[in-house]
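We name chains A, B, ... by the order of the sequence lines, and we start the count at 1 in each one. Quick caveat: nothing in here was measured; it's all calculated off a predicted structure.
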Amino acid sequence: MILRRTQYELARRVVGPTLLRLEAWQKARARSGRGPRGGPFGPPLESTRKLKELLSLHYLAGRYADGAVPVAWVTSGFPVELLRPLGFHAVYPENHAAMCGVQRIVPELSDAVEQQGYSRDLCSYARTDLGSVVTGKTPAGRLPRPDLLCCCTNICQTVLYWYKALAAHFQVPLVLVDTPYVYGEVRAHDLPYVRAQLEELVAVAERVAGRRVDPEELRAVTVRAREGSRLWGECLATSRARPAPWTGFDGFFHMAPIVALRGGEECNAYYRLLRDELQDRVKRGIGGIREERHRLLWDNLPMWFAVRELSTLLAERGFNFACTSYTNAWAEAGVQVDPADPYGSAARAYTHVILNQDLSNRLGILRRLAREYSCDGAVLHSDRSCKPYSIGQVDLRERLARELSVKVLLLDADHSDPRAWAAEPGENRLTAFMESFG
Amino acid sequence: MSAAAPGGAAALGLDAGSTTLKAVAIDAAGRILARRVEPSHPRIGEQAERLLAALRAEVGGEPPVGATGYGRKRVAAGRALTEITCHARGAFALAGRPGVLLDMGGQDTKVIRVGPGGEVQDFAMNDKCAAGTGRFLEVILARLHVPLAEVAEQAARAARPVTVSSTCTVFAESEVISLLASGEPLEGIVKGLHAALASRTAAMVRGAGEGELLMSGGVALNAAMVAALAEALGRPVRVLPEPQLAGALGAALAVLGRSG
Amino acid sequence: MRRAYIERQRQAGRRALAVLPVHHPRELLTAHGVLGVELWGPPGPPRGDGAGRLQAYVCAVARNALAFLQAGGARAVDGVLFPHTCDSIQGLAALAADFGGVAGRTLVFQHPRGGARPSARAFALAELRNLSSALAELTGAPLDPARLGWALGLHAEIDACRAALLDGRARLPMDDAALYALLRRGEWLWPEEHLAELGAARALLAPAPVQRGVPVLVTGYVPEPAGLLPALAGAGLYLAADDYAAVGRRVVRAVPAGGEPFLALVERMLAAPPCPTRGTDQGERIRWLVGLAERSGARGVLVHVQKFCEPELFDVPAIKAAFAGRGLPVLVLEGELERELSGQAETRLEAFGEMLRRAA
C-alpha cells in the first residue's frame, strides 16, 4: 500500500513530468525544420502542449492508482466534487472512449464485446469501454481497476445499463444519481430526491475510501469546480469575436480537463493559460482558421474519428464552428454549484444539464448560442449512438431554420464508431451544404 | 427405408436456398450419386420439382425426398428440416467428426456448433441486413467489375489490403468507389473487402467456441475469403468437399433416418 | 374493435388514457376511473406525417407510437401517459409535450431507478401523489382514498390470476396464442372485466401437466408479432415461463398487507420482478430468470428483444453466459415490431426446436 502510494505520487509529480519533457524535446527535434500547422488553419495554440502534458500525467498516474488511492469510474455528468475530498482518483470512461475514437481503435474493441453478444446498435462509448475492459487494450497504457462506480443518469439512461454491466464484471458497488427529467420546471419533489441520493452515495463512497468527507475540503473543491466552469466559459466566449480565435473542434479536445479534472487546481490553472492565450489572439486578430467567412453552430457530440478531416474540409472553404452545444454544457452546469450549499446546489446544477431538460429548453439554448456567436448556419449531428441527444433533432432543425432564418443540416454519423459513418456521401452532404451559402 | 434397389439411390435431398437450389441423390451408405446446382428462380416450387425429376431420371426409382432451405415448405417432401440442422448433419457426414461449422451462403451466414453425433449444439445467424453475407461481396465485386472467378487471384496479387471500414453494403459501395478514385490499387481493395467481411464473420465464429473450423456454403468456393478468414481467426479453416451441397446432403440423410 | 370499446367506456363516464410502455401504476388509474389503453407500437412500418420525426435508429416502439398518435390515434382518448422507461420514450414525451402534433393532454410518470433506497421510496410516493393530482384534473373529481384501496385489491387479484396461469402453464389446456391473447387483453380492458376472463381461464387448470411441447423460458420486451406464438408451436415449443416486460415482468407476486393505500402502492411497485428499465442489478435479474427456468422445467431460453432497445440489449450477454453455464441453450431473436414474423426468424425458431427436441 505504502509502496503503491509512493509509485502513484512519483508518477504524478516526478517521473511523469520528466518523461513528458523528454518526449516533448524528442518531438521538437524531430519536428525542427518543419513549419507550424499550415493549410487553412491559423497558427496552432501554444496551450495545446500543456494540455497534452496535463492529460498524459493524469493517465500516467492512473496506471499506478489502484492500490494507492481509491479509484472511481465516473460518468461525465456525475457530481464528482463530492468524491474529490475523499481522495478518489477519478477515471472517465467516456473521455477514454473518445480517445479510442480519435485513435480509431473502436471497431477492434467493439468486436471483442460483440462476440459476447453485445449488439452493435448499443452506444459506441459503452462498447469501447467494455471492450477495453475485456481485452485490456487502451491507449492510456493501463486503466486502474475501480473500487466504486459512479453513475448519473442526467446525460442518458444508457450509462446506467453500461455501469450495471461494469458492476457485474468488477463486483464493486455502483452508486446511482437518478435525475428526474425536467419538463419545463422542476417539481417540488425532484430536487429533494436528487439531494437525498447524493447524501446516500457519499455514505457509500466514505465506506469505500475509509474516511469521512471534510466539509472544509468539500467547500474548497466546490469553489474550484465553479471557478473551473467559469474559466471554461470564458475560453468559449472568446469565439464571439470575429474571427474566432480557435475552432469549435479545438474546443472538443480542450474540454477534457473540465470533464475529467474538474474541482482540481491544475484544471483551473490550465484554463487561465488557455483563456489568456485566446484573448490575446482576439486582440491580435488571429483566427482559428485563416479566412473565416461563415460561422456555424454544432449540436451533439463530435465524430471523434473524423474531427481532423471534417475541420479541414470546413476550414478550406472558410467555415468554422464558432460554438457547440456540447462544449457549452460544461460551462453552464458547473457555475451553479455553491460552496455554501454543496449538496443542494449540486442537486440543482446536475439536474439542469442540457440533456436532462425538455426540447423547448434545448431549442432555447441553441437559439441563444446561434445569436451570441453570430452563427449563420448549424449542423446537427444525428448521432446513432446517442438517443437522448438525437431524438427531436428533426423538429429542432425545422424550428431553428424557421425561427433564425439560418441554414441547418442534419448529418447522420456516430460519435466514435467509424463503421457507422459513410465518409464519401457524408462529406458530399457537408460540401453541398457549404456551397448553399453561395 | 426406401424402395430403391440395393446399390441404387436411397434418398434425395433438396436445399432450396435464396440464391441457389441444390439437390443430391445418395445411396444407402450416404454417398452422393448425383447432384444438381442452379440459380434460384422466383417460382421455387416448380423449379424444385423439375430438379428432383431430373435426379430421379438419372438415378432411377422413387426415393424419398428431404427438403431444407427457405423454400423447403413449397416442395413435396417426406421431411422438411431447417438448413441449420441439415447443414450440421451434412457437414458431419462429410467431415466425419464434430466441429464448428461456418456456412456462408448468399443471404445468410450461420455458425453452428456440431456435436459428436452430428447434432446442433448451438447456432448463430447474421442479422437480417446483407452486411455479413456472400451478397455483400457479390454486390461490391460486381460494382468493381471483378468476375468471381478472378477474385482469389486478384486478392493474392495484392501487396497489402486497403482498409475498407464499412461492412454495410451501401456504405462500402461508395467507400470502395472513392478509394479507387483516390488511386488505391484494385487488388488491394478486393483483399481489403474480404478482410472486412472476415473480421465481421470472425466475431460470430469466436462466439461459438473452440473446435475444428469447418466451412460450407457457396462462399467457401472463394479461396480469397477462406484465406481472409484463416488470417482473421488465426486458425485453419477446413473447407468441406463440395461445400455447396452440405445442406442438401443433410436433408437427404435426414429422410433416410441417418444422422451421419 | 378497441376503438369502439374505448368509446363505450367513455360514454359510460370513464376517461381513457393511451399509455406508453412499460411500468405505470394501473391501480391508480383504476381508482380514478381512468381506462388505460397501452400502446406497444402498434406493429408494422410507421405511417403518416409522424413517421419521419424520429431517426431510423430509434426503436420501433417509439417510432411507431409517435406516428400512430400523430395520425390521430390520440383522438380516441383523453390524453397520453408517458412512463419514464428509457431515453427513447422520454424523448418521445418531450417531443409530444413541447412540439405537439399529438392531440390531448400529456402526462408523465417517472419511476425511481436503482432499487429500494429510502430516497426512492420517498420519491415514488411523491410521484404517485403527483400523478394522482393530474388524474383528478383530468376527470374533474378528487381521488376517493377508499377507491384506491379497492383498486389495489382488484389488481392484486388480477396478478394472482396471472401468476396462477403463468406458473401453472404446463397444466393449462390452452395454446400460447390463446393464452397471450387473453393476458394481453389486460392492456386495454377495464380491470374488472379482465379479472372475470382470467378467472374463467384459471378454472381450466388441470391437476397434471397437459402441455406436450418442449418448455421454454422467454425473456424480452413484447410478444410481437403475434405470429411468433404459432411459429413456436410449429417448432414443437411452448412458453413455460414468461419474463416479457409486457407480460410476466409486471405480475407482482408478493402482495404486501394493507395500510395507507399510497404507501401500499409504493410497496407493490417495488415488489415487482426485476426489470432493466427500472435499473435492477444484473445479478438480481439473472437470479430471477434462473429461478423461473428451474421452476418451469424450461429446456431452452428464448431472448426476444427489439432492435435498438438498450435496456434489454445490455443484459443479453449476461443472460447468455448465465444459461450457457447451466447447459440451457439460448436463442436470441431480434425484431423491429414487424407485422409478421420474418422467414429468417421462423427458421431460427424451427432450428431451435429441432435442436432442443434432439437434445431431449
Determine the minimum heavy-atom distance between [X] and [Y], stating which atoms define it.
| X | Y | value |
| --- | --- | --- |
| Pro112(C) | Tyr193(A) | CB-OH, 3.4 Å |
| Glu310(C) | Cys123(A) | OE2-N, 3.2 Å |
| Pro276(C) | Lys164(A) | CA-NZ, 3.8 Å |
| Lys320(C) | Gly117(A) | NZ-CA, 4.1 Å |
| Asp395(A) | Arg53(C) | OD2-NH2, 2.7 Å |
| Phe308(C) | Arg384(A) | CE2-NH2, 3.7 Å |

Checklist entry - When you check the side-chain N and O atoms of Arg113(C) and Gln157(A), is any donor under 3.5 Å from an acceptor? => result yes

Examine whether an atom of [X] lies under 4.5 Å from a heavy atom of chain C, and if so say whether it belongs to the side chain, the backbone or both; otherwise answer neither.
| X | result |
| --- | --- |
| Leu174(A) | neither |
| Ser360(A) | both |
| Ala126(A) | side chain |
| Leu176(A) | both |
| Arg195(A) | neither |

Chain A contact via [X] - which portion, at a heavy-atom distance below 4.5 Å:
| X | result |
| --- | --- |
| Thr280(C) | backbone |
| Ala62(C) | neither |
| Val332(C) | neither |

Checklist entry - Do Leu92(C) and Ile391(A) pass the side chain to side chain contact (heavy atoms under 4.5 Å, CB included) test, and can you show the C-alpha distance, the side-chain angles, and the key distance before you say yes or no? => result CA-CA 8 Å; Leu92(C) 194 60; Ile391(A) 286 177; over 6 Å; no

Item to check | Among Gly91(C), Gly283(C), Ala126(C), residue most engaged with chain A (heavy-atom pairs, under 4.5 Å) | outcome: Ala126(C)

Next on the checklist: At a heavy-atom distance under 4.5 Å, which candidate from Pro317(C), Ala94(C), Gly279(C) has the highest pair count against chain A?
Outcome noted: Pro317(C)

Hey, does the side chain of [X] reach the backbone of [Y] with a donor-acceptor pair shorter than 3.5 angstrom?
| X | Y | result |
| --- | --- | --- |
| Gln55(C) | Ser382(A) | no |
| Tyr57(C) | Asp383(A) | yes |
| Glu200(A) | Arg117(C) | no |

Item to check | Salt-bridge present (Lys307(C), Asp121(A); N to O < 4.0 Å) | outcome: yes

Next on the checklist: Quick one, Phe123(C) and Pro192(A) - any side-chain contact, counting heavy atoms below 4.5 Å?
Outcome noted: no

Checklist entry - Take atom CZ in Arg362(A); do more than 12 heavy atoms of anything else shown fall under 6.0 Å from it? => result yes

